[in-house]
**Q** 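First the structure, then my questions, so here it is.
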Amino acid sequence: MPTIPIEPLFMDAADLNIDGDDYAAHISGASFVPTTSQVNWTGAKPGAVFTRQTRATWVLNLNFGQDWESAESLSQYLHDNEGEVKPITLAPVSGGKSFTADVVIAPGTIGAEINTFGVSTVALGVQGRPEFTTVAP
């Protein structure tokens, strides 16, 4: 049996484009997250037990710094485009291979604690699933 090599992801810089605009400087984290569930059916005879896995639904979780002063900030973009479907490209390694998807825009948090940076996390619903590409953004 061959040993399969691995190159673990180390995310210290990334590329994030939403509808053609570069928002990588605004985020401190980004991840596409799948959710699935198990469906079981049990019949009245021993051994009549069946299990299936549902298809994954996806969200894109973004962690970002709030910026309400810049007219083109990610905070403002998410607030102004709530509910719209936009194309997004995420390269977990800056300049590397990427994932593309259409996401439903959701707004983030407004405000923060005193003497801290205002941060926010949003979960943007993905239509379909992220598509992997070997082309850098």
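From a predicted model like this one, the values you see are computed outputs, not experimental measurements.
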**Q** Write down the atom of S75, the atom of G65, and the distance for their closest heavy-atom approach.
**A**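 Shortest heavy-atom separation between S75 and G65 comes out as OG-O, 3.9 Å.
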**Q** If you take all heavy atoms of L124 and A106, which pair is closest and at what distance?
**A**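 It is CD2-N, 3.3 Å.
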**Q** Could I get the full list of side chain to side chain donor-acceptor pair (under 3.5 Å) partners for N40, not counting sequence neighbours?
**A**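 N40: side chain to side chain donor-acceptor pair (under 3.5 Å) contacts with Q38, T51.
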**Q** Of the non-hydrogen atoms in Q66 and I110, which two are nearest, and what is the gap between them?
**A**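 Closest heavy-atom pair between Q66 and I110: OE1-CA, 3.4 Å.
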**Q** How would you list, by chain and number, every residue that makes a side chain to side chain donor-acceptor pair (under 3.5 Å) with S37, sequence neighbours excluded?
**A**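 Result, side chain to side chain donor-acceptor pair (under 3.5 Å) vs S37: T54.
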**Q** Which residue pairs pass the salt bridge (Lys or Arg N to Asp or Glu O under 4.0 Å) test with at least one member in residues 39-59, sequence neighbours excluded?
**A**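 Sorted result for residues 39-59: empty, none.
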**Q** At their closest point, which heavy atom of G128 faces which heavy atom of W58, and how far apart are they?
**A**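 Closest pair (atom of G128, atom of W58, distance): O-CD1, 3.6 Å.
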**Q** With ILVMFWY side chains joined below 4.5 Å, transitively, what does F10's cluster contain besides itself?
**A**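 Grouped by the 4.5 Å side-chain rule, F10 forms a cluster of one, so the answer is none.
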**Q** Please tell me if the side chains of L16 and L62 come closer than 4.5 Å, counting only heavy atoms from C-beta onward.
**A**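 Answer yes - side chains close enough.
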**Q** What distance do W68 atom CH2 and S73 atom OG have between them, rounded to the nearest 0.5 Å?
**A**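 If we round to the nearest 0.5 Å, W68:CH2 and S73:OG are 6.5 Å apart.
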**Q** Going by salt bridge (Lys or Arg N to Asp or Glu O under 4.0 Å), name the pairs with one or both residues in residues 59-84, residues two or more places apart or in two chains.
**A**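 Residue pairs with at least one partner in residues 59-84: E84-K86.
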**Q** Donor-acceptor pairs under 3.5 Å, side chain of residues 18-31 to any protein atom, not counting sequence neighbours: which ones?
**A**
{"unit_1": "D22", "atom_1": "OD1", "unit_2": "A24", "atom_2": "N", "d": "3.0"}
{"unit_1": "H26", "atom_1": "ND1", "unit_2": "L74", "atom_2": "N", "d": "3.3"}

**Q** Could you list the residues that satisfy ring pair (Phe, Tyr, Trp, His ring centres under 6.0 Å) with F132, not counting sequence neighbours?
**A**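 Checked F132 against ring pair (Phe, Tyr, Trp, His ring centres under 6.0 Å); matches are F99.
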**Q** So which heavy atom on A112 is nearest to which on G118, and how close?
**A**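 So the two residues come closest at CB-CA, 3.4 Å.
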**Q** So, does N17 use its side chain to make a donor-acceptor pair with the main chain of I88 at under 3.5 Å?
**A**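 A pair under 3.5 Å: no.
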**Q** Suppose we screen for ring pair (Phe, Tyr, Trp, His ring centres under 6.0 Å). Which residues come up paired with F32, at least two apart in sequence or across chains?
**A**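 Once residues adjacent in sequence are excluded, F32 has no partner under the ring pair (Phe, Tyr, Trp, His ring centres under 6.0 Å) criterion.
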**Q** Would you indicate whether N115, at its atom CG, is surrounded by more than 12 heavy atoms from other residues, nucleotides or ligands within a distance under 6.0 Å?
**A**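 No, the 6.0 Å shell around CG holds no more than 12 heavy atoms from other groups.
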**Q** Kindly write out the residues that satisfy side chain to side chain donor-acceptor pair (under 3.5 Å) with T35, not counting sequence neighbours, or none if the list is empty.
**A**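 Not a single residue meets the side chain to side chain donor-acceptor pair (under 3.5 Å) criterion with T35.
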**Q** With sequence neighbours excluded, what pairs up with T116 under the side chain to side chain donor-acceptor pair (under 3.5 Å) test?
**A**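 Listed in chain order: nothing, the list is empty.
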**Q** Determine which pairs satisfy side chain to side chain donor-acceptor pair (under 3.5 Å) with at least one residue from residues 118-132, sequence neighbours left out, and list them in order.
**A**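 Counting only pairs at least two positions apart or across chains, the side chain to side chain donor-acceptor pair (under 3.5 Å) contacts touching residues 118-132 are N63-T121, T109-S120.
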**Q** If every non-hydrogen atom of P130 is compared with every non-hydrogen atom of A101, which pair is closest and at what distance?
**A**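 Distance-wise, the nearest heavy atoms are CA-CB, 4.1 Å.
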**Q** Output, in order, the C-alpha distance, side-chain angles, deciding distance and verdict of side-chain contact (heavy atoms from CB on, under 4.5 Å) for V93 and L9.
**A** CA-CA 8 Å; V93 175; L9 170 65; 3.6 Å; yes
**Q** What's in the same ILVMFWY side-chain cluster as V59, cut-off under 4.5 Å, chained through other members?
**A**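 V33, which link up through side-chain heavy atoms under 4.5 Å apart, make up the rest of the cluster.
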**Q** Using 0.5 Å steps for rounding, measure from the CG atom of L60 to the CD1 atom of I105.
**A**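 Nearest 0.5 Å value for the CG-CD1 distance: 9.0 Å.
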